[in-house]
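Presented below is the structure to which this report refers.
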Amino acid sequence: MNLKLISIVIPCYNVEKYIEKCIYSIIGQDYNNFEIILIDDGSTDKTLELITKLSYLDDRIKVIHQDNKGRSIARNKGIALSKGEYITFVDSDDYVAPTYLSDLMFGMNKGADISMVNKILVQEGGENKNSKINRSDDYHIYNTSDGIKAVLLQKPDNEIWGKMYRNELLTSESFPRGKIFEDLFATLYIMSKAKTIIHYEVEDYYYVQREDNTINSKFTKNKMDILDMGKKISTYIIQIYPDLKVPMMGKLFSAYTNVWMQIDKNEYKDEYEILWKEIKKVRSRMLFKKLESLKLYGGVILSFFGDSVYRYCYSKIRGK
């Protein structure tokens, strides 16, 4: 059987605790025609040593080292070096099921430009946060607008990983340089260039909930990148797909809230107020509109009671 080549891009930075599990989960795929492109982004621990040793064991593994320039530039370099007809991304502290590539190829073989599967949340120690792992024969075929809408509604979410792309959809500038929360922009932008998007309802990507990852780590000023990424992609998407204005605003409302909740108001008063202002601004663009998410609707209503009430209720609901 002539299996088409898949490029798997993995940026690596100080992940000596996780990288071997990640790579071995890929080596064990039931679809075996792939290349693993590991971009070491100036690690200061044993990451480079480990991935170099692993590359001696499997000639499908390619290791590239660069000075620390950030995940966006590492991903862009991986795209530039990729040789596969299809490309997917895995984060170096996550891992995947043995069927990850074959399930993504299920969508591509049906004519998709982008194929998507679901994630499984696991704690850093390995405990599955879901009650069970679901495997389904269900799949959804979307046009561009409906595919973007599904992602805006978190079905699945906008992470760049857990998806496969025709390589020609990406360029060596797909990820904004020097930014975090780059997935918010890059995934939706890439999706806008696809004609057919397929979501296969299987759980194949194990997303490890680390305390020090971008989502969970303590607030720093570079997390204000969320505003730049949010404004950039919302302007772009709404201009092309005006019918997606409300779900786009809902996505920003949730994304801005997640970052805002990390802020210590006493330490970062200005950033706290700037994000709260933006939360209210996107909220106003959803007023009197039908919201398809009950959780989002509840958040919008709570926000009208003021920042203190909203913050308190949000923390209680999230269990923090």
Side-chain angles (χ1 to χ4, degrees), residues 3-105 117 119-120 122-128 159-165 167 170 172 175 180 182-183 204-214 216-217:
L3 298 177
K4 294 179 178 178
L5 180 66
I6 299 170
S7 297
I8 306 162
V9 175
I10 308 177
C12 306
Y13 178 71
N14 287 355
V15 284
E16 63 179 7
K17 289 172 57 179
Y18 313 99
I19 189 59
E20 290 182 286
K21 184 172 186 176
C22 174
I23 294 175
Y24 280 122
S25 75
I26 297 170
I27 291 174
Q29 292 294 296
D30 58 12
Y31 186 105
N32 59 24
N33 190 25
F34 58 80
E35 60 174 0
I36 304 174
I37 303 174
L38 299 166
I39 311 292
D40 178 66
D41 188 36
S43 294
T44 58
D45 63 359
K46 294 182 179 179
T47 296
L48 180 58
E49 177 184 340
L50 288 171
I51 62 178
T52 301
K53 288 180 180 178
L54 288 170
S55 71
Y56 299 149
L57 303 177
D58 195 314
D59 60 10
R60 295 173 297 182
I61 299 175
K62 299 173 176 61
V63 175
I64 295 90
H65 175 73
Q66 67 179 26
D67 293 336
N68 183 238
K69 297 178 180 178
R71 187 171 59 185
S72 293
I73 292 178
R75 284 173 170 169
N76 285 338
K77 179 173 282 191
I79 294 168
L81 295 170
S82 65
K83 297 179 180 178
E85 184 171 342
Y86 306 112
I87 188 166
T88 186
F89 299 88
V90 176
D91 278 358
S92 53
D93 50 354
D94 298 332
Y95 55 100
V96 294
T99 52
Y100 177 67
L101 294 180
S102 58
D103 284 341
L104 286 170
M105 280 300 298
V117 295
K119 67 186 176 187
I120 306 165
V122 293
Q123 294 175 340
E124 187 168 347
E127 181 182 346
N128 184 3
E159 299 97 348
I160 199 71
W161 42 254
K163 301 170 180 65
M164 184 175 286
Y165 313 84
N167 203 325
L170 297 99
S172 59
F175 293 91
I180 62 172
E182 71 280 11
D183 286 13
D204 276 325
Y205 190 98
Y206 291 82
Y207 177 47
V208 179
Q209 298 283 278
R210 289 172 53 191
E211 290 185 2
D212 60 346
N213 65 15
T214 302
N216 297 322
S217 61

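The structure displayed is predicted, hence computed values, not measured ones.
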Report yes if some heavy atom in the side chain of Tyr205 is under 4.5 Å from a heavy atom in the side chain of Asp91; otherwise report no.
-> yes
Do Asp183 and Arg75 pass the salt bridge (charged side-chain N to carboxylate O under 4.0 Å, His left out) test, and can you show the C-alpha distance, the side-chain angles, and the key distance before you say yes or no?
-> CA-CA 11 Å; Asp183 286 13; Arg75 284 173 170 169; 2.6 Å; yes
Are Leu54 and Tyr24 side-chain neighbours, meaning at least one heavy-atom pair lies under 4.5 Å?
-> yes
Correct closest heavy-atom pair for Tyr165 and Glu159 would be OH-O, 4.5 Å
Donor-acceptor contact present, side-chain Arg71 to main-chain Tyr13, <3.5 Å = no
State whether the side chain of Ser7 and the backbone N or O of Glu35 hold a donor-acceptor pair below 3.5 Å, judged by distance alone.
-> no
Spacing of NZ belonging to Lys53 relative to NZ belonging to Lys46, to within rounding of 0.5 Å | 8.0 Å
To the nearest 0.5 angstrom, please state how far the CG atom of Asp41 sits from the NZ atom of Lys69.
-> 9.0 Å
Rounded to the nearest 0.5 angstrom, the NZ-CD distance for Lys17 and Glu124 is 4.5 Å
If we only count heavy atoms from C-beta on, is the Ile39 to Ile73 side-chain gap below 4.5 Å?
-> no
Between the CD1 atom in Ile8 and the NZ atom in Lys62, the distance rounded to the nearest 0.5 Å is 10.5 Å
Between Ile37 and Ser82 the two heavy atoms that sit nearest each other are CD1-CA, 3.6 Å
Side-chain heavy-atom pair Asn33, Lys4 within 4.5 angstrom cut-off | no
Partner of Tyr95 under ring-ring contact (aromatic ring centres under 6.0 Å, His included), picked from Tyr206, Tyr100, Tyr18, Tyr207, is Tyr206
When every non-hydrogen atom of Val15 is compared with those of Ser92, the smallest separation belongs to CG1-OG, 3.4 Å
Heavy-atom side-chain contact between Met164 and Ile6 under 4.5 Å | yes
Donor-acceptor pair, side chain of Asp67 and main chain of Gly42, under 3.5 angstrom | no
Going through the checks in order, is the side-chain contact (heavy atoms from CB on, under 4.5 Å) test met by Phe34 and Leu3?
-> CA-CA 9 Å; Phe34 58 80; Leu3 298 177; over 6 Å; no
Separation of Asp40 CG from Leu50 CG (nearest 0.5 Å) = 10.5 Å
Is the backbone N or O of Leu48 less than 3.5 Å from a side-chain atom of Glu16, with the two atoms forming a donor-acceptor pair by type?
-> no
Summary of ring-ring contact (aromatic ring centres under 6.0 Å, His included) pairs that have at least one residue in residues 35-92, sequence neighbours excluded | Phe89-Phe175
Can you check whether Cys12 reaches Leu38 side chain to side chain, under 4.5 Å on heavy atoms?
-> yes
Any Leu101 side-chain heavy atom under 4.5 Å of Thr88 side chain | yes
Going through the distances and angles, do Val96 and Asp204 end up as a side-chain contact (heavy atoms from CB on, under 4.5 Å)?
-> CA-CA 6 Å; Val96 294; Asp204 276 325; 5.9 Å; no
Work out which heavy atom in Ser43 is nearest to a heavy atom in Asn14; give both atom names and the distance.
-> OG-N, 2.9 Å
Any donor and acceptor pair, going by atom type alone, linking the side chain of Asp45 with main-chain N or O of Thr47 inside 3.5 Å?
-> yes
When every non-hydrogen atom of Ile61 is compared with those of Ile27, the smallest separation belongs to CD1-CD1, 4.1 Å
Check step by step if side-chain contact (heavy atoms from CB on, under 4.5 Å) holds for Ile26 and Ile23.
-> CA-CA 5 Å; Ile26 297 170; Ile23 294 175; 5.7 Å; no
Give a yes or no on whether the backbone of Glu85 and the side-chain of Asn167 come within a donor-acceptor separation of less than 3.5 Å.
-> no
Does some side-chain heavy atom of Asp58 sit less than 4.5 Å from a side-chain heavy atom of Ile36?
-> no
